[in-house]
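All residue numbers refer to positions in the sequence shown, counting from 1.
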Amino acid sequence: MPSTPPVEREQWLASLPRAYTSVGAVITDERGRALLVKSFRPYHQLVGGMIEPEEGPAEGAARETREEIGLELTAGRLLCISWVTASGQGIDQPGVQLYFDLGTIPADTELTLQESEIDAARWAEPAEFPALLGPIRAERLAAALAARADGVTRVLTVSRAELEADRGI
């Protein structure tokens, strides 16, 4: 079987769809509250961010945790995959966020917030998730916590328009 010349392979690879890939760190306290952080965005979010090209997803979750709140935690099981479809306009691409279990820590654990990115951190009860995160992100976190409890990874899909409406954009 003839091999594909390098130029054709590069052109083929360049033509493939791309997706933004990020991670979320699901961290709870002994009471079952989730750790949320506040940045420049109008809503709270989980610790997390974009996966760097040279790292795997679990490594990215651990790195983001270290960078954003100063804790050395190991990413455990993949709990939830959230897929956001592209709008089909401009340079918009699909997005995928992988939610990992980073465990349970004492509520009084000292956090070192990343000054350039994180303004505050707080523990939130599940009933507070919709108001703090917005409905879509609250659903993602609830699904991740359910997956932690029953061992079944969840996959959720929303459109770019739904996500933007949820964010108030």
Side-chain angles (χ1 to χ4, degrees), residues 18-85 93-158 160 162-163 166-168:
R18 304 279 191 243
Y20 299 109
T21 309
S22 62
V23 290
V26 178
I27 303 167
T28 55
D29 70 3
E30 59 279 349
R31 292 177 34 199
R33 298 178 299 176
L35 181 62
L36 303 180
V37 293
K38 184 77 175 74
S39 66
F40 62 90
R41 293 179 175 93
Y43 49 84
H44 285 76
Q45 58 196 19
L46 291 175
V47 169
M50 301 302 289
I51 300 170
E52 299 293 337
E54 70 282 354
E55 67 189 359
E59 292 171 295
R63 176 188 49 77
E64 287 288 345
T65 300
R66 184 175 53 256
E67 289 176 359
E68 291 187 0
I69 60 171
L71 296 181
E72 289 287 342
L73 300 175
T74 301
R77 207 167 62 74
L78 176 64
L79 300 172
C80 182
I81 300 168
S82 173
W83 181 265
V84 179
T85 63
Q93 298 174 351
V96 61
Q97 188 168 27
L98 308 171
Y99 289 77
F100 284 92
D101 187 350
L102 273 83
T104 298
I105 62 173
D108 62 356
T109 300
E110 186 174 336
L111 305 176
T112 303
L113 303 183
Q114 182 181 25
E115 289 183 26
S116 63
E117 204 169 313
I118 305 299
D119 297 326
R122 64 166 291 178
W123 293 104
E125 301 281 350
E128 298 175 290
F129 295 169
L132 294 170
L133 298 166
I136 289 174
R137 284 173 305 285
E139 179 184 21
R140 292 173 179 171
L141 179 52
L145 291 171
R148 182 196 262 183
D150 67 16
V152 179
T153 301
R154 305 305 201 271
V155 178
L156 305 174
T157 301
V158 298
R160 177 72 55 196
E162 290 171 313
L163 184 63
D166 186 58
R167 292 180 173 171

Query raised in the report: Is NZ or CZ of Arg137 both nearer than 6.0 Å to the six-membered ring centre of Tyr43 and within 45° of the ring axis?
Result: yes
Report summary line: Heavy atoms of Ala75 and Ala61 approach each other most closely as CB-CB, 4.1 Å
Query raised in the report: Below 4.5 Å, heavy atoms only, C-beta onward: do Leu102 and Leu35 meet side chain to side chain?
Result: no
Query raised in the report: With side chains defined as the heavy atoms from C-beta onward, is the minimum distance between Cys80 and Leu156 less than 4.5 Å?
Result: yes
Requested in this report: Any chance you could measure Arg33, atom CZ, to Thr28, atom OG1, to the nearest 0.5 Å?
Outcome: 10.5 Å
Query raised in the report: Between Glu59 and Arg63, does at least one N-O distance fall below 4.0 Å, as a salt bridge requires?
Result: no
Query - Donor-acceptor pair, side chain of Glu68 and main chain of Gly48, under 3.5 angstrom - result: yes
Query raised in the report: What pair of heavy atoms forms the shortest contact from Glu52 to Glu55, and how long is it?
Result: N-OE2, 2.9 Å
Query raised in the report: About how many Å separate CG of Leu145 and OH of Tyr99, when rounded to the nearest 0.5 Å?
Result: 11.0 Å
**Report entry** Approximate separation, where rounding is to 0.5 Å, of Ile27 CD1 and Leu36 CG
**Finding:** 10.0 Å
Query raised in the report: Does anything in residues 94-118 pair up under salt bridge (charged side-chain N to carboxylate O under 4.0 Å, His left out), and if so which pairs, sequence neighbours excluded?
Result: Asp101-Arg148
Report task. Without swapping roles, check the side chain of Trp123 against the backbone of Ala107 for a donor-acceptor pair under 3.5 Å. Result -> yes
Query raised in the report: With a 4.5 Å heavy-atom cut-off, do His44 and Glu128 have their side chains touching?
Result: no
Report task. For residues Val158 and Arg140, determine if any side-chain heavy atom of one lies less than 4.5 Å from a side-chain heavy atom of the other. Result -> yes
Query - Considering all heavy atoms, the nearest Phe129-Ala124 contact - result: CE2-O, 3.4 Å
Report summary line: Closest non-hydrogen contact found for Gly60 with Val23 is C-CG2, 3.7 Å
Report task. Working to the nearest 0.5 Å, report the span between CZ of Arg122 and CG of Leu111. Result -> 13.5 Å
Query - Side chain Arg77, main chain Ala147, donor-acceptor under 3.5 Å - result: yes
Report task. Apply the side chain to side chain contact (heavy atoms under 4.5 Å, CB included) test between Ile69 and each candidate in Val37, Ile105, Thr109; give the one that qualifies. Result -> Val37
Query raised in the report: Is there a donor-acceptor pair under 3.5 Å between the side chain of Ser82 and the backbone N or O of Gln97?
Result: no
Query raised in the report: Taking all non-hydrogen atoms of both residues, which atom of Ala58 and which atom of Phe100 are closest, and how far apart?
Result: N-CZ, 3.8 Å
Query raised in the report: To the nearest 0.5 Å, what is the distance between CG (Leu79) and CG (Leu98)?
Result: 10.5 Å
**Report entry** Between CZ on residue Arg160 and CD on residue Glu162, distance to nearest 0.5 Å
**Finding:** 11.5 Å
